[in-house]
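Working notes for the structure below.
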Amino acid sequence: MTISGQWHERLEQAIPWGSSTCSKAPSLLPEEPAVIVRGDGCRVWDADGNEYIDFRNGLGPITLGYRFPEVDEAIRRQLDNGIVFGQPHPLEAEVAELLGELVPCAERVRFLKTGGEALAAAIRIARTYTGRDRIVQVGYNGWLNALAGGGPSLPGQRATGSPKGVPAAVSGLHHAVGWNDIGSVERWFDDCGSEIAAVVVAADYAEMEKGASFYPALRELTRKHGALLVYDEIVTGFRIAIGGVQHYFGVVPDMAVFSKGIANGMPLSAYMGSKEVMAACDRGGAVISSTFGGETLSLAASRATIRIYREQDVVGHLWRQGEKLWGGLNERLSAAGLPIRLKGYAPCPAFTLQEGADPAVRDRFFRAAYRNGVSLYNISYVNYSHKDADIAEALERLEQACRETAV
């Protein structure tokens, strides 16, 4: 048995799912690496020394690259001074101020560790600010707020059951609506608009361009009914534009949550919004508190990461290299007769299947990609360390994967 295989067995015995993050648990063994032990730039290695050009990037947080020197050095410097204290650290103010300069809605900012809990905080703030209970959700907003099998998607429909572990009374206050389905959002407001605290929206990566009309429509509708508009910018922040989709599309929400692009892999999330709305979690308001909310290593990494974004054309690089890679891969998939395409904006496109295609073909292609030393995910990303030579090499390997899949 390989060393990676041994680790896989130990993980399966000790941890449900074999991983603390469901999406990281390998599903395409033996081609997919069971464990990753090292990363450098845009490449990762498993426990047996196999190298992969990586487009998973830790499921999105690695925007600059693994072991990015300026960020790692910032972490080391702060480590010499301590990790967490019993009072705030100046880094909290510094990073909050940087976000305030770059993100349109960010008049006030607070920190947590993961995107899902920051969205839960935003929902609590929205309920406190408006005095209302219902939440309309577009897209996946983290496991704390997941709606799988939850409340009805349209007024008048019966709930189909709560997510496991979520009381029906809670699930029944959350309503799932599809991306760009403004009609369904309008029907919810027509039905119970005075009870809706917020619309929380995460972009559909394959069809993000529809945000050009969807975001303005949501902005108008929420203002009309006195509800808040909250953007889930966990993926889009510092990737589509420095200030996320609100920067890119020019439609400013009341609140937003940033996480994956904020600290090049260190665990950090930020929830932010207008001064008036964020006052709802100030003294005397909703209690949102975490011992590790001001942990300094992540904040030091974030300060260094954000400064690099400002001083170098990181986002432009993600667009250019992404267009080169994913456009080239689409050409190769088409030439091989495979019914798979990358759709969406170049920094974070989605693998999609053409109508009528067997879903198993995507798994076969991903297995072939792993065999040829390329690590992919349903939403794949380039990072700032993917240089021209890396993109060219990846396309050569992926062309071979296309040939193998088409056989």
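- Here S19 contributes atom OG and L11 contributes atom CG; the two are 7.5 Å apart, rounded to the nearest 0.5 Å.
- Within a 6.0 Å radius of CZ in F85, other residues, nucleotides and ligands contribute more than 12 heavy atoms.
- Using a cutoff of 4.0 Å between basic side-chain nitrogens and carboxylate oxygens, E295 and K113 are scored as salt-bridged.
- A salt bridge links R310 with E101: the distance from a Lys NZ or Arg NE/NH1/NH2 to an Asp or Glu carboxylate oxygen falls below 4.0 Å.
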Stepwise side-chain hydrogen bond (donor to acceptor under 3.5 Å, both in side chains) check, Q321 with D388: CA-CA 8 Å; Q321 299 299 75; D388 289 346; 3.2 Å; yes
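- For the atom pair E331 CD and R341 CZ, the distance stands at 10.5 Å (nearest 0.5 Å).
- Within a 6.0 Å sphere centred on CZ of R67, other residues, nucleotides and ligands contribute 12 heavy atoms or fewer.
- No salt bridge links D54 with R43; every basic N to acidic carboxylate O contact stays at or beyond 4.0 Å.
- One N or O on the side chain of R239 and one on the backbone of G60 form a donor-acceptor pair closer than 3.5 Å.
- H386 places a side-chain N or O within 3.5 Å of a backbone atom of N383 that can act as its donor or acceptor partner.
- Under the 3.5 Å distance criterion, the side-chain polar atoms of H225 are left unmatched by any main-chain donor or acceptor of A227.
- Evaluated for a salt bridge (Lys or Arg N to Asp or Glu O under 4.0 Å) with D254, the options R219, K275, R108 yield exactly one hit, R219.
- The side-chain heavy atoms of E12 and H8, taken from C-beta on, include a pair separated by under 4.5 Å.
- For the pair R362 (side chain) and L353 (backbone), a donor-acceptor distance under 3.5 Å is absent.
- Side-chain atoms of T296 come within 3.5 Å of backbone atoms of I83 as a donor-acceptor pair (strictly under, hydrogens ignored).
- Within 6.0 Å of atom CH2 in W45, more than 12 heavy atoms from other residues, nucleotides or ligands are found, so the atom counts as buried in its surroundings.
- Atom CG of L342 and atom CG of L325 lie 7.5 Å apart (nearest 0.5 Å).
- For the pair E51 and R397, the salt-bridge criterion is met [side-chain N within less than 4.0 Å of a carboxylate O].
- Ionic pairing of R132 and E195 is not present here: no N-O contact between side-chain nitrogen and carboxylate oxygen is shorter than 4.0 angstrom.
- Among W326, Y377, Y370, F366, the one residue that satisfies the ring pair (Phe, Tyr, Trp, His ring centres under 6.0 Å) test with F55 is W326.
- Annotation: salt bridge (charged side-chain N to carboxylate O under 4.0 Å, His left out) contacts involving residues 202-217, sequence neighbours excluded, comprise E207-K210.
- Enclosure of atom CD in E220 is not indicated, since only 12 or fewer non-hydrogen atoms of other residues, nucleotides or ligands lie within 6.0 angstrom.
- Considering CG of L28 and CZ of R364, their distance stands at 12.0 Å, rounded to 0.5 Å.
- Remark: side-chain polar atoms of D358 are paired, donor with acceptor, to backbone N or O of A360 under 3.5 angstrom.
- The ring pair (Phe, Tyr, Trp, His ring centres under 6.0 Å) with F238 is formed by just one residue from the set F258, Y381, Y384; it is F258.
- At least one test fails for K343 against the ring of Y345: distance under 6.0 Å to the centre or angle within 45° of the axis.
- Looking at heavy atoms from C-beta onward, L299 lies out of side-chain contact with Q78 at the 4.5 angstrom threshold.
- More than 12 heavy atoms of other residues, nucleotides or ligands lie within 6.0 Å of NZ in K387, so this atom counts as buried by the packing criterion.
- Among Y205, Y140, Y215, the single residue meeting the ring pair (Phe, Tyr, Trp, His ring centres under 6.0 Å) criterion with W179 is Y215.
- Annotation: side chain of L297 is in contact with side chain of L79 (closest heavy-atom distance under 4.5 Å).
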